[in-house]
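Working notes, beginning with the structure itself.
Counting starts at 1 for both ligands and their atoms, in listed order.
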Amino acid sequence: MTITIDYSQKIPNNVNLNDDRTLQRALEGWQPNFLSWWDDMGPDGSQNFDVYLRTATSVDPQGWATFGHVKMPDYRWGIFLNPGEQDRKIHFGDHKGEAAWQDVPGEHRANLRRIIVTQGDTEPASVEQQRHLGLTCPSQYDLRNLFQVNVEEGRHLWAMVYLLHKYFGRDGREEGEALLERRSGQENNPRILQAFNEPTPDWLSFFMFTYFTDRDGKFQLCALAESSFDPLARTTKFMLTEEAHHMFVGESGVSRVINRTCQVTNELKTDDPKKLREAGVIDLPTLQRYLNFHFSVTIDLFGADESSNAATFYSTGLKGRFEEGKRMDDHILKGQTYPVLHVENGRLVEKQVPMLNALNEVLRDDYIKDSVAGIERWNKVIEKAGIPFRLKVTHKAFHRNIGSLSGAKVSPDGQVISEAEWAARSPDWLPTAGDRQFVAGLMGRVVEPGKFANWIAPPVMGINRQPVDFEYVRFA
Ligand SMILES: [Fe+2]
Ligand SMILES: [Fe+2]
């Protein structure tokens, strides 16, 4: 089925916005505020560039990725939901077997609103975090990818604001405004989740962020795609198609950094970080420290390991598990248990807790499995270069700030250690001020088509089968 988007309208959409004047007016009222937020907080110094972007023109496989040069402020942010499933049934929790909700049941209103606002808040936050990166892009190709991620995060915000406006009345409209008022990293009005208040100061951080933190996005969206609230399920399903590209940018970005480092390692016949840094590439131990930081900060996003909210969200049918439909259990989970970790007598110990309360941990563990797969692909690049170094994820208790492990001092391999040992050894495990300064020093703007900064290898192919030296960005 093809649902095309009507581009003659102010707000491209496939939700028949024309038929709902009140909603249309509310969104048209929000639109200029969104655009002025984009002006203030969107990509720095890029307003006149023509960027080779994909824009969704329908949600089917042929139409959702239409490519062409667009000036970013003219990007057509729209509202697209995947087509509804006929007679969709709730398939987990206490309402299992009942018809999916086309409207918000009064008793779940507060929780659903909170879920949608929390998801919505991450979208503009990441645009804010990344807003200066365009000034130090390693190539046109990368600059284009950054802008693609940025405009799509903007569209994800639209997706959540549509739900707030359509289903939550005045409260929803107020939340829509507040989403444009909070600012990443701002002390008096920060973004809701901590990882979205951390700066993304350089391109290595950006690639790690899109690999790890956009993948958190994937898992949250997958859990919401199971929701009994059908409009939320349908909108998150479409967001997931866009999210895949964000993770690709991260995975291929880090892979290209590794590739370049390995080349120079072999040319100079040394793995001495000091010599590699002098040659202008990022040594593998530094990459591992960045990985440790982004991985640990991101797994905190799944929330406390034991959470009565998580149980409520599941049992009431608001948020499912990753791939709920593929699981072979009763999808109610009462009386089942799941292991979580805590520190006891200086050691990490597992304890079994009711599974419903451990659903954040379940989602975190699914996320960890998925993250590891890409790291193995990075290791293949190192292995192929004949270099005896392997990247790995840290133990999940390392550097945690949420849940029962928060504040525990745990090494990357899972040993509980003293404060003194942490102080002495953490510079080997997390990026130091010196590391960050070194990486920042490598960042410089490279914008000639087909040219790449010294610290990163070119991609294997271009975007949408265009050549690598294609003019992805036309500067005004
Ligand atoms: Fe997003
Ligand atoms: Fe994303």
Side-chain angles (χ1 to χ4, degrees), residues 34 37-38 41-43 51 53-56 59 64-65 72 75-82 115-131 133-134 142 144-164 175-176 179-180 182 184 191-193 195-198 200 203 205-225 227 231-254 294-295 297-299 301-302 319 322 363 367 370-371 374 463:
F34 169 80
W37 166 81
W38 180 267
M41 297 311 294
V51 187
L53 293 174
R54 74 174 178 197
T55 307
V59 297
W64 78 271
M72 271 188 300
Y75 189 79
R76 302 303 308 274
W77 286 280
I79 300 163
F80 316 122
L81 271 60
N82 265 17
I115 287 171
I116 292 166
V117 167
T118 306
Q119 178 61 43
D121 193 66
T122 65
E123 315 289 357
S126 66
V127 175
E128 293 166 0
Q129 288 171 293
Q130 295 161 13
R131 72 177 301 251
L133 290 173
D142 290 291
R144 177 261 163 221
N145 284 348
L146 167 72
F147 291 159
Q148 182 72 60
V149 170
N150 292 161
V151 291
E152 284 173 351
E153 301 305 5
R155 207 202 65 74
H156 292 175
L157 172 60
W158 272 93
M160 294 298 110
V161 167
Y162 162 74
L163 295 178
L164 289 168
E175 294 285 14
L179 283 165
L180 298 175
R182 285 186 286 273
S184 176
R191 293 293 172 184
I192 296 169
L193 300 169
F196 292 89
N197 286 307
E198 302 280 349
T200 309
W203 279 77
S205 301
F206 172 66
F207 292 137
M208 290 288 179
F209 184 97
T210 42
Y211 183 79
F212 287 109
T213 311
D214 283 78
R215 187 175 310 275
D216 159 72
K218 166 185 162 181
F219 277 77
Q220 299 299 342
L221 293 174
C222 281
L224 296 178
S227 182
L232 177 60
R234 290 169 54 200
T235 201
T236 46
K237 272 184 194 142
F238 185 61
M239 289 161 77
L240 278 163
T241 54
E242 295 165 324
E243 208 58 59
H245 176 68
H246 308 178
M247 290 180 291
F248 160 80
V249 168
E251 179 171 339
S252 59
V254 174
H294 286 272
F295 177 71
V297 166
T298 303
I299 61 176
L301 285 171
F302 292 89
K319 184 176 173 185
F322 176 62
L363 195 59
Y367 167 87
D370 200 59
S371 297
I463 291 295

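- By the 30° and 60° cut-offs, the orientation of the rings of Trp203 relative to Phe206 is perpendicular.
- The cationic group of Arg234 does not satisfy the cation-pi geometry with Phe238, failing either the under 6.0 Å distance to the six-membered ring centre or the 45° limit from the ring axis.
- Listing protein N, O or S atoms at distances below 2.8 Å from the Fe ion (ligand 2), with waters left out, gives Glu153 OE2, Asp214 OD2, Glu243 OE2, His246 ND1.
- In summary, of the residues considered (Gln130, Arg131, Gln129), a side-chain contact (heavy atoms from CB on, under 4.5 Å) with Leu133 occurs for Gln130 alone.
- Using a 4.0 Å cut-off between charged side-chain N and carboxylate O, Glu152 and Arg54 make a salt bridge.
- For the pair Thr210 and Met247, the minimum side-chain heavy-atom distance is 4.5 Å or more.
- Every residue meeting the ring pair (Phe, Tyr, Trp, His ring centres under 6.0 Å) condition with Tyr367, not counting sequence neighbours, appears here in chain and number order: Phe219, Phe302.
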